[in-house]
A.B. asks: 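Just passing along the structure, written as structure tokens.
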Amino acid sequence: MTQTQIYVDALSLIAPSKDGTQPLASSLAIADFTAFPEGWKPSPKSIPARAHRRYSPQTLLAIQAAEEIAPVLAEDAAWVFGSAYGEGETLQLILEALRGPTMAIRPTRFQNSVHNAASGQWTIAQSITTAATSICGADHTAGSSLLKALLQVQLEQRPVGVVLFDAPLPAPLDISHRLTCPAGAGLVLSNRQSPQSFASITFSLVKQAETPPQTCYAQAALATLNPVFSILPLFEKLAESDPGDVTLGLNGRMNLNLVVTVL
């Protein structure tokens, strides 16, 4: 694979234990996933508060992560949205309705049950007409989404915004996937260095194990079983301005190796 240098222009991390007033590097030094507020919800600013109830927790997470990185993206930027489980809450509501005598389901339930519901809501709200791709890669959704975005930057020579999001599933769907903490993450990749660029990445596919998390925060985050947090070994490198390589998991026999250079 060609070693093309791709630039990182912005990061975002949305989680109950992440203090929005603290730099990411500071947050990664603190772990507290056992005491976050029970009623915590994402709160995207681009959606009026009174309209939040019309969106699923997953979509709100995705929109908040996207709006935190959007200001540094050019108008021609593409988007990649990655979620391991998609619209679990909406799916559960549809399944419950199908058990009822009338099986009455609002059309918007179907509209918001598809895997690209979050990307659709974001692009509609922001009048975005460029490509927006939705990725599902189970536990390796973060690596799969990032690989897709890196290839798109390289091949199309345009910036790409990457958004990762997943939230706990409602019962009984949570029996098979017991993630305990909602999370969203954002990353801006560009083919050109800009004043916002703070690191560059080259990437390749390798046969080596995933890089384990180093900080207490990332270790505790991964214990919540939310696939979004598998991006944290890369975020640790970027937030700490620590050059070196990181390997993220992919489905199959190869993993994604990223060599980080601090600018």
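This one's a predicted model, so the numbers in the text were calculated from it and none came from an experiment.
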A.B. asks: What is the distance from atom CZ of F165 to atom OG of S56, rounded to the nearest 0.5 Å?
C.D. replies: 8.0 Å

A.B. asks: Any side-chain heavy atom of P233 within less than 4.5 Å of one from P212?
C.D. replies: no

A.B. asks: I want to check something: taking the side chain as every heavy atom from C-beta on, are D242 and E236 in contact at a cut-off of under 4.5 Å?
C.D. replies: no

A.B. asks: Say you draw a straight line from CG of L256 to CD of Q208; how long is it, rounded to the nearest 0.5 Å?
C.D. replies: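 It is 10.5 Å, given to the nearest 0.5 Å.
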
A.B. asks: Going only through I, L, V, M, F, W and Y residues with side-chain contacts under 4.5 Å, is there a path from V246 to V262?
C.D. replies: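 Shared cluster, no.
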
A.B. asks: Given V260, which partner from the list L234, V8, T202 fulfils the side-chain contact (heavy atoms from CB on, under 4.5 Å) test?
C.D. replies: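 Result: among L234, V8, T202, L234 is the only option passing the side-chain contact (heavy atoms from CB on, under 4.5 Å) with V260.
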
A.B. asks: Is any side-chain heavy atom of F203 closer than 4.5 Å to one of L146?
C.D. replies: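 They are not in side-chain contact.
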
A.B. asks: For the residue pair F229 and Y217, does the interplanar ring angle fall in the parallel (under 30°), tilted (30 to 60°) or perpendicular (over 60°) class?
C.D. replies: perpendicular

A.B. asks: Kindly indicate whether the side chain of E67, heavy atoms from C-beta on, has any atom under 4.5 Å from the side chain of Q126.
C.D. replies: no

A.B. asks: First locate atom CG of L263, then atom OG of S200, and finally report the distance between them rounded to the nearest 0.5 Å.
C.D. replies: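 Atom-to-atom, L263:CG and S200:OG are 5.0 Å apart.
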
A.B. asks: I'd like to check L179 versus V228 (side-chain heavy atoms, cut-off strictly below 4.5 Å). Are they in contact?
C.D. replies: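 Of all side-chain heavy-atom pairs linking V228 with L179, none is under 4.5 Å.
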
A.B. asks: Which distance, rounded to the nearest 0.5 Å, do you find between the CG of L164 and the OG of S12?
C.D. replies: 9.0 Å

A.B. asks: With a 4.5 Å limit on heavy-atom distance, are the side chains of K41 and L60 in contact?
C.D. replies: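 The answer is no; the side chains never approach within 4.5 Å.
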
A.B. asks: Does the side chain of L205 come within less than 4.5 Å of L250's, by heavy atoms?
C.D. replies: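 They are in side-chain contact.
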
A.B. asks: Going by atom types only, do N257 and D245 share a side-chain donor-acceptor pair under 3.5 Å?
C.D. replies: yes

